[in-house]
Amino acid sequence: MGSISKAISNAAMEAGAHIVTNSEVSQLLIEDSSTVSGVILADGTKVHSSIVLSNATPYRTFMELVPNDALPDDFVRAIKHSDYSSATTKINVAVDKLPQFECCKLNHPHAGPQHFGTIHIGSESMEEIHSASQDAVNGVPSRRPVIEMTIPSTLDKSISPPGLHVINLFVQYTPYKPLDGDWQDHEYRESFAQKCFKLIDEYAPGFSTSVIGYDMLTPPDLEREIGLTGGNIFHGSMGLDSLFLMRPVKGWSNYKTPLKGLYLCGSGAHPGGGVMGAPGRNAAHLVLQDLKKG
């Protein structure tokens, strides 16, 4: 995933863009109550610009970065009450050997085609998926989670030492606020991680013992560390009531916002989340058109 961001940033810098990282934006600068004039960074630095594109979630953009009373009440109400809920957790795992899937009936340590794609675990039937999701509806993490596994180190040797591998687990379903515990509780987190590893053991015996370390990002972690409201990786629900002309909210699906010069260019804009870059490309083209108009 990071390679995509690097490729885009490299292309931008070749075209003359100046990229600054580790510089959190704390607030948008607004003049005449309805026109953007730049941003204020967390350290107090003001960066002036007549155009600002926000890749943050709609909630973070309009409810946290825009000053109070700068937006119409009906717009604020729609943004505030949009669905940002999420039940996904990301677990990045370091292992000392590749998983040996029982169904493949192979027993050699080298990577094969079974390691190169997306591997689905715990989703052999609709009943199994429904049962896992129903647990989350009832307020608890899935007893048998639905897991999507990828092993990027089989394709990119640079991300792990020789003989070791990196495994990414995209896990469903994990409520933002579970009723039977707290994601800040180390033992509770560890228990869920081990539950995932034990489920993988059913398909690849010995997986748990191959784990030498892991990093887990639950919905609250994703919100705190990456700024994803509710931990939602798509910047908001992708249901029919939140797509097309309704994304992010009715009347504002064309990347423009009620504030002149402010554009939404992330997954909270049409056509939504998924690694395609379409919201950013569409927003950029609109900005260029508006600049030509003057």
Side-chain angles (χ1 to χ4, degrees), residues 1-5 57 83-95 98-99 101 103 111 113-126 128-137 140-156 159-160 165-178 183 188-204 207-208 210-239 266-268 272-277:
M1 290 293 202
S3 298
I4 298 172
S5 299
T57 71
D83 182 6
Y84 301 100
S85 59
S86 172
T88 58
T89 285
K90 183 76 180 292
I91 308 179
N92 301 311
V93 189
V95 296
L98 285 169
F101 297 106
C103 63
Q114 71 274 23
H115 297 114
F116 296 153
T118 301
I119 302 147
H120 294 259
I121 291 171
S123 54
E124 295 183 37
S125 68
M126 287 300 296
E128 207 169 10
I129 297 172
H130 176 74
S131 177
S133 66
Q134 197 58 45
D135 286 338
V137 170
V140 297
S142 301
R143 287 165 292 181
R144 288 181 62 83
V146 174
I147 300 173
E148 291 181 40
M149 173 193 287
T150 55
I151 314 175
S153 53
T154 59
L155 301 170
D156 182 355
I159 62 175
S160 63
H165 284 278
V166 173
I167 294 180
N168 298 332
L169 303 178
F170 182 77
V171 183
Q172 299 177 101
Y173 298 88
T174 51
Y176 185 94
K177 291 182 178 180
W183 290 122
Y188 187 78
R189 295 171 69 92
E190 175 71 16
S191 173
F192 182 74
Q194 292 302 324
K195 182 188 296 182
C196 295
F197 300 157
K198 295 295 184 187
L199 178 58
I200 297 172
D201 281 340
E202 296 180 20
Y203 297 83
F207 176 81
S208 292
S210 73
V211 176
I212 56 179
Y214 72 88
D215 172 49
M216 185 163 78
L217 294 168
T218 64
D221 299 324
L222 291 168
E223 181 176 69
R224 182 183 63 257
E225 296 188 25
I226 308 177
L228 297 174
T229 305
N232 193 302
I233 61 171
F234 297 130
H235 291 197
S237 169
M238 294 277 283
S267 296
V275 188
M276 56 180 152

message: Determine whether the aromatic ring centres of residues W183 and F192 are separated by less than 6.0 angstrom.
response: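 Yes: the rings meet the under 6.0 Å criterion.
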Which pair of heavy atoms, one from [X] and one from [Y], lies closest together, and at what distance?
{"X": "N168", "Y": "P152", "result": "ND2-CG, 3.6 Å"}
{"X": "M216", "Y": "R189", "result": "O-NH2, 2.7 Å"}
{"X": "V146", "Y": "A132", "result": "CG2-CB, 3.9 Å"}
{"X": "V166", "Y": "I159", "result": "CG2-O, 3.7 Å"}

For [X] and [Y], test the side chains for any donor-to-acceptor distance below 3.5 angstrom and give the result as yes or no.
{"X": "Y214", "Y": "E190", "result": "yes"}
{"X": "Y173", "Y": "Q134", "result": "no"}
{"X": "H235", "Y": "S267", "result": "no"}

Taking the side chain from [X] and the backbone from [Y], do they hold a donor-acceptor pair closer than 3.5 Å?
{"X": "T174", "Y": "A87", "value": "yes"}
{"X": "T229", "Y": "Y84", "value": "no"}
{"X": "S125", "Y": "E128", "value": "yes"}
{"X": "S123", "Y": "H120", "value": "no"}
{"X": "D135", "Y": "R143", "value": "yes"}
{"X": "E223", "Y": "G231", "value": "no"}
{"X": "H115", "Y": "P99", "value": "yes"}

[X] vs [Y] side-chain heavy atoms within contact, under 4.5 Å:
{"X": "P145", "Y": "L199", "result": "yes"}
{"X": "I151", "Y": "I119", "result": "yes"}
{"X": "P220", "Y": "Y176", "result": "yes"}

query: Charged N to carboxylate O below 4.0 Å: is that the case for E202 and R144?
result: yes
